[in-house]
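Everything below concerns the one structure shown next.
Keep in mind that this is a model prediction, so the values were computed, not measured. Here is how names work: the chains are called A, B, and so on, in the same order as the sequence lines, proteins then strands, and each is numbered from 1.
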Amino acid sequence: MDRREKEMICIVCPNGCRMTAQIDEQANIEVTGNKCVRGKEFAMREMTNPVRGLSTTVRTDSPELPVLPVRLSAEIPKARIFDVMKEINNIRVTGPVKQGTVLARNLLGTGADLVATADMPHQTEK
Amino acid sequence: MSDIKKICRKIEKLSPKISVSEERGCIVLRGQVDDWSIAVKAGQLAVNKKKYLGVINDIKVRGFEPSKESLLPEDSSLEGQSPDVLIIGGGITGCAAARQLSRYKLNILVCEKGADVASGASKANGGVVHVGINFSASSQKQHYNLIGNQMYEELSKKLDVPFERRGQVMLCCKKWERIVVWFLAHLGEKKGIHGTRYMKRKELLEHEPNIPEFIDGGMFMPIGGITSPYEMTIAMAENAAANGVSFSLETQVRGMEVEAAEDGKGHIVSVTTNRGKMYPKVVINAAGVHADEIADMAGDRTFTIHPRRGTDIITDKKVGYMVNTSMAKAPFAVAPYEKEKFKGKAFATVRLLINAFNGSNHTKGVGVIHSVHGNMLIGPNAVETPDREDTATYRDEVDAIIRMQQHLAPGLEFRDIIAYFTGVRAPTYEEDFVVRKGIFTDNILEAAGIQSPGVTAAPAIAVDLAEWTVEELRKKMPVEYRENFSDERKAPPRLRQMSEEERHRLIRENPDYGVIVCRCEEISRGEIIDALNSPLPVPTVDGIKRRLRPGMGRCQGGFCMPLVMDIIAQHEGVPLSEVRKAGSGSVISYGFTKGEPEGAAAAAEKAGGKVAEAEAGDAAVNARGAAAGAAGKEAADE
Amino acid sequence: MSKEMNFDVTVIGGGPAGLAAALEAHKAGGEVLLVERENRLGGILKQCIHDGFGLVRYKEKLTGPEYAQRFIEEFESAGIESMLSTFVTDISRNSNSNSGFTIKAVCSKGVETVNTGAIIFATGCRERTARQVFIHGTRPAGIFTAGTAQHLINIQGQMPVKKCVILGSGDIGLIMARRLTLEGAEVEGVYEIQSGPSGLARNVQQCLIDYDIPLHLSHTVTRVFGRDRVEAVEICRVDENKNPLPGTARRVECDGLILSVGLIPENELAESVGVTVNKATGCPTCGENQMTDVPGVFACGNALRVFDLVDYVSASGEAAGRSAMEYLKEVGLHG
C-alpha cells in the first residue's frame, strides 16, 4: 500500500477539528489535530471506508404534505449516496406515518433502513 | 437663416455623421454615432416647437444591442377580433382611457405587453401627485397635470386607492432663495396652482421635523399629493374590466396594415400581435417607451421617445418618519455640500435659476417621499439610455442616490434600504406630452411622451382621449352610454387598517381573513383570494404582490412567497410549478423533486407501480416500478 | 368579541426557543400560553431535515424535525395552552406599571385578546435579502434566500433550480448546497465575501468538500442577468473592505441564485412595545436574565441573537422561561 496523507475537517461534532491523517505502507494510520477519540475514529474511517449519514425526503400522495422527511438508520459508504438517493426517490408513501416508522429496509443491501423523521398526520382522500 | 439651417449648423458642430432633413413637418435625424449621449444631444438640439411638429431621431449608436425581451406566448386568441377601440398599453394612461371609455357601450380591448397592467413606468415610479409649478404654462404637462391633480381626491375615493394630500416641499438653503419662491408662487397662482408659499424653517419643522440644519425653509405646495401608482393603474383596469373592457396581457403589437383613406390620411385596417391579427375601428397609442414605434407602424409618427432610466429606493417603514410630505431640494437652491460644485461658476447658478422658471428641469431631481404605505421612497435619478427595456439597477447609481439623500435625511443608513427598482421613462425630445388626434392617420389617437407627471395627468388625458374616440366612432356608428355603468371599484378589504371590531366581524364572516400569510405587511389568505377573484385577476406572485403587498415588506417575500404560490396553485387548480413570478418565462420551480412531474402520480400508478405492504404501523409504501420511474422522467423532460 | 384570556407568561413563537421557554415557565408554576403563527409547532426546524441537531443536549445526531418533536411531545403532555395559526398584531403595556400587557392576536376565529404578566419573544430571525446585500441587475425569477429554497424543496417538494450559484457560506447555504446536489441540481460554487467561511467547519466538509463543490472566498455576486428567469450572475473578487475589485468580474451562466448572507433577529413586534433594538445587529437590549429594557418583556433564541446551534437556542429559551417567572414573583404578579 502507498503512503498517503489527507487533510480533513471532522464532522462528528460542531467543533469541526481540522485533522491530518497519514497512512503508511503497512496500513498504519496516524491522526493529528483531533481533540477527541471520536475524531480519530472518524479520520481512520475516512482513510479506509468513508461513510456518511443521509437525510432527504420521500414523495407522498398527500397534497398537503407532498414530501416527508426521512433519514437512514445507519451511515453508508460515501460512494453509494447517489445510488441510494435514486432508490429513495422511487419510493412513495401513503399516510398516516409516525416519526420513527421504517419505510424501507436494507436499502440496496447497505444495511441501512429508511426512517421517517416526522409524522405524516393523516391519509388524504382524493 | 432658416430654422432648419440653424438646426443643421448646431448638429454639424456636434457630429458630422448626422444628417438633418425636414419631412412632413418634422425634423428628421439619421446617421450612426459611437456614443448614445451624442444621439440624445442631437435630438435635443433639433427641437423647435414653434416651427416643427417634432423631432424624429433615428440616429443609431454603434454596437448597441437592446436587452432581451420577455418570452411571450404565441397563440391566436385575438385572431379576427374587431374591437371598436384597441388601446395599446396597459399603463396608467391606457387603463385610465379604458376606464373612461367603459362608460360607453363599446367593445374595448387593452393589449399589454407585460404580464400585468402597470408593468412599465407606471409601476416603477414614486407616485407623487404633482403640483406642476415648474412646467411651462403652454405645455400639455401643465394643462393635464393641473386638471389631473384636482381629480385625484374623488378618483381615489371611487377606486378605493390610497391617496394623501400631504403637500410637496422644495427645500431652500439661503435667505435670498425666498425671492425665487415668491416669484414661482406668484406665477403658480396665475396658472391656477393655489396656496404655494414660502415656509420659514420654524413653520416647516411642524411639517418636516427632520430636515437638516442648513435648510432655511422651503416652498410649501399644499396641492401636492401621493398615491400608489400601480394600485391606481390596477384599480382603473379593474373598474374598466368590471364595465366590460377586455384585457389581453402578454400581448405585443408587432405590425399594422395602413391604407390610404378618402381624406388623404392613412387608416389603420389591421393590427398584428403575438396572439393574432385584429381589425380595430380606433386605436389609442398609450405604449409608453414604445409609443414612437407604434406611431411609426400607424404612419403617424412626429416624435421620438428617448428612454430615460430612473431608479428609486425604498426603505423600511421604521425610517418612514424621516419625511412626511414629498420633498426635494429646490433645483435653484445651493446646499453647503454643493458649494464646491458652483464655486466661481456664477453662470451655473444662474442657469439653475432660469431652469426653475422655464420648465426645462427634466426631472424634479432626486427627492424623498413618504409613500402611502409608510415607507420612505428615495429617488429617482435620470440616466439616458438607448435601451427601452433596461430596468436593471446599477451599484454606482444606487450608492450615489443614497449618498445624495443622506444630506436631506441625515439619519438614513444603508441598512434601512429594503428594495430598489428602475423604471424607464418615456420622454420625447420636446419634453412634453403628445396627446392628440392622428395627424397623418385618421383612426389613431396618440398619448405619447407620458413621463412625469404622467400619474397625475393620466385621468385628465383619459377624458380627452375618450371624447375624441367617441367623436371618431360616431362618424361610423352610434355610440351610446352603457347602462348599469359603475365608476366605483372596491379593493380587497385592508384588514390591518381596520378597527378591532370591524376586523373581528369580517373574520367571523370569512375565517380566511384571520389566516395571516405575509407577516411583514400583515396580509391574510382571505385578501389574497379576494384579489384572485377580482374583475382582472393576475394569478402570479408579482400580481398578488402589487395588489396586496406580500413580498414588499422587509423580508421581501422570503417567508410568504412559497405560501402565496400555494394559494395561487390551489385557487387556479394548477400544479405549483405552473405558478409564475410574472410572465410565462418567469418559472419559479420546475416541478417535484424526485424527477417526477406533478399531476403524473396517477399516470405512474397506471404504469404498474407495485404496492408494498406496510413495514410498520399502518404505513403503506408504494415502491414504484422502473417503468413508472421512466415514464415520470420522460414527462419531466418535456 | 371572544372572552378575554389571562396568563402569567405568553410566549410568542413556537419554534425551539419558544417551546423551551414555555416548558420552563410551566415547570416554574406559571400559567403559560404559546402563540404560533403557523399551523404547526416546531418553527424553522420543520424544514431543517438534515441531521446534526441535539449533539450538545442529547448527545445524539437528530434531524430538525426529530429535535423539534421531542419538545413538542413534552409540551403537549405538559398540557400547556397554545394557539396555532395565530398572529399577534398588537401589544400594549397596561397603564399602571408592572401590571402586564394586553395582546391582540388574529386567528381564523377572529381577533383574540390575551392579558399576560410577562411576554417572551421567541420570534426567530429572518434572512437578509438580495437587495440588502446590494446585488444589482435585473429581478427575474430564480433568486431565493436559502431558507425559501429549503422550504420549496423540503416542505413543498419543489425543485427551484437546475444549476445555481450560492452566495454566502452561512450554514443554511452550505446545507442547501448539499441538499440541492442530492436532489440532482448542479451547484456551480459557493461564493463568500469574507476571507473565511461563515458556517461551521464541519458543514464545509460534509456539504461542500464531500460533493466537490468549490468554495470561493473573498468573492461576491454583483449582478444578476436575465429578464424572466435568472440566466447568469456576475461574480467579482473583493478587496479587504469587501468592495468589488475592478477587472475581476466574471459571468457565470446559471438559472438560480441562492442567498445565505446572514440572519436578522425579528424584533419588530418587540420594538413596538418599546424594546430597544440594536440597529446594526437587530438584537434587543437585554440584561443577563434575558429581560429587555421593557420590564416584563423577555427575548430568547434567534430573536435574542443568532445562534449556531439549536441546542443553545433551547437553552436560551429555558433561561427566558425561568427569568420570566422569577420576575413575576418579584413584582407580585404571580401567586
Side-chain angles (χ1 to χ4, degrees), chain B residues 67-71 318 389 391-395 398-399 413-415 417-421 495-496 500-501 503-505 507-508 511-516 519-520 522 524 541 554-559 561-562 565-566 576-577 580-595, chain C residues 1-2 37 39 85-87 89-90 104 106-113 126-132 134-142 144-145 147-148 151-162 183-184 222-229 231 244 255 259 264 266 268 271 279-280:
Chain B
S67 56
K68 216 170 85 177
E69 291 196 38
S70 282
L71 178 80
K318 279 188 271 187
E389 304 285 340
T391 51
T393 58
Y394 299 90
R395 185 187 168 101
V398 169
D399 287 3
E413 293 182 52
F414 272 74
R415 69 168 83 84
I417 308 303
I418 58 171
Y420 35 90
F421 55 81
L495 277 93
R496 65 190 179 284
E500 189 188 328
E501 290 73 25
R503 192 172 189 170
H504 186 75
R505 187 182 55 76
I507 298 171
R508 283 296 189 184
D512 277 343
Y513 288 138
V515 182
I516 302 295
R519 57 168 95 168
C520 306
E522 231 176 283
S524 69
V541 170
R554 46 183 74 99
C555 92
Q556 289 287 294
F559 288 113
M561 195 261 274
M565 285 172 72
D566 269 337
L576 268 176
S577 56
R580 294 288 179 268
K581 179 174 185 284
S584 306
S586 60
V587 175
I588 300 171
S589 83
Y590 296 109
F592 278 129
T593 52
K594 321 292 169 200
Chain C
M1 211 103 316
S2 317
R37 205 167 36 79
N39 58 6
S85 302
T86 303
F87 186 89
T89 55
D90 186 63
K104 298 287 177 189
V106 163
C107 64
S108 58
K109 283 188 264 158
V111 183
E112 308 276 354
T113 305
R126 65 170 175 270
E127 296 175 277
R128 214 179 285 278
T129 66
R131 284 323 205 205
Q132 285 169 319
F134 291 93
I135 293 176
H136 287 279
T138 54
R139 294 202 290 176
F144 304 95
T145 59
T148 307
H151 189 280
L152 278 163
I153 296 188
N154 291 347
I155 304 286
Q156 290 168 301
Q158 291 285 313
M159 203 57 194
V161 296
K162 286 176 184 159
E183 289 291 0
T222 45
R223 204 173 157 187
V224 173
F225 300 94
R227 182 157 297 275
D228 297 324
R229 172 86 198 187
E231 288 169 12
D255 72 343
L259 299 161
I264 307 166
E266 280 232 298
E268 279 66 29
E271 269 182 292
K279 272 200 91 176

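Side-chain N or O atoms of C:R126 include none that pairs as donor or acceptor with a backbone N or O of B:C555 at under 3.5 Å. For B:H504 (side chain) and C:G110 (main-chain N/O), no donor-acceptor pair under 3.5 Å exists by modelled atom type. In this structure, the side chain of B:T593 does not engage the main chain of C:M159 through any donor-acceptor pair within 3.5 Å. With hydrogens and angles ignored, the 3.5 Å screen pairs no side-chain donor or acceptor of B:R395 with any backbone N or O of C:T222. Put simply, the side chain of C:R37 never gets that close to the backbone of B:I516: no donor and acceptor are under 3.5 Å apart. In terms of modelled atom types and a separation under 3.5 Å, the side chain of C:D228 and the main chain of B:S584 share no donor-acceptor contact. Side chain of B:K594 to backbone of C:G157: no donor-acceptor contact under 3.5 angstrom is found.
For C:R128, no part lies near chain B; criterion is any non-hydrogen pair under 4.5 Å. Proximity to chain C (any heavy atom under 4.5 Å) is shown, for B:E389, by both the backbone and the side chain. Both the backbone and the side chain of C:A280 come within contact range of chain B, each with at least one heavy atom under 4.5 Å from a heavy atom of that chain. Using a 4.5 Å cut-off between heavy atoms, B:R519 contacts chain C through both its backbone and its side chain. For a residue to count as touching a neighbouring chain, one of its non-hydrogen atoms must lie under 4.5 Å from one of that chain's; by this rule C:I135 touches chain B with the backbone only.
For the set B:A419, B:S524, B:P562, the count of heavy-atom pairs under 4.5 angstrom toward chain C peaks at B:P562. Of all the listed residues (B:D512, B:I417, B:V541, B:L495), the one sharing the greatest number of non-hydrogen pairs under 4.5 Å with chain C is B:I417. The candidate with the highest count of non-hydrogen atom pairs below 4.5 Å against chain C, out of B:A582, B:S67, B:A392, is B:A392. Among C:T138, C:T145, C:T129, the residue making the largest number of heavy-atom pairs under 4.5 Å with chain B is C:T129. If you tally non-hydrogen atom pairs under 4.5 Å between each of C:E271, C:E127, C:E268 and chain B, the highest count goes to C:E268. Your options are C:I153, C:L259, C:V161, and the one with the most heavy-atom pairs under 4.5 Å with chain B is C:V161.
Side chains of C:K109 and B:I507 form no contact here, defined as non-hydrogen atoms less than 4.5 Å apart. Counting only heavy atoms from C-beta outward, the side chains of C:T89 and B:R503 approach each other to under 4.5 Å. C:F144 has its side chain within reach of B:I588: a pair of non-hydrogen atoms, C-beta onward, lies under 4.5 Å apart.
Between C:A141 and B:S586, the shortest heavy-atom contact is CB-O, 3.6 Å. Of all heavy-atom pairs spanning B:Y420 and C:F134, the tightest one is OH-CA, 3.0 Å. For B:F592 against C:Q156, the heavy-atom pair with the smallest separation is CE2-O, 3.7 Å.
Heavy-atom contacts from other residues, nucleotides or ligands closer than 6.0 Å to NZ of B:K68 number 12 or fewer.
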- [ ] Please report the C-alpha distance between B:M565 and C:L152 in whole Å, then the side-chain angles of each, then the deciding distance to 0.1 Å, and finally whether the side-chain contact (heavy atoms from CB on, under 4.5 Å) criterion is met.
- [x] CA-CA 10 Å; B:M565 285 172 72; C:L152 278 163; 4.2 Å; yes
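Residues B:F559 and C:H151 keep their aromatic ring centres 6.0 Å or farther apart.
Between atom OG1 of residue C:T148 and atom CD of residue B:Q556 there is a gap of 11.5 Å, rounded to the nearest 0.5 Å.
With salt bridges taken as basic N to acidic carboxylate O contacts below 4.0 Å, none links B:E69 and C:R227.
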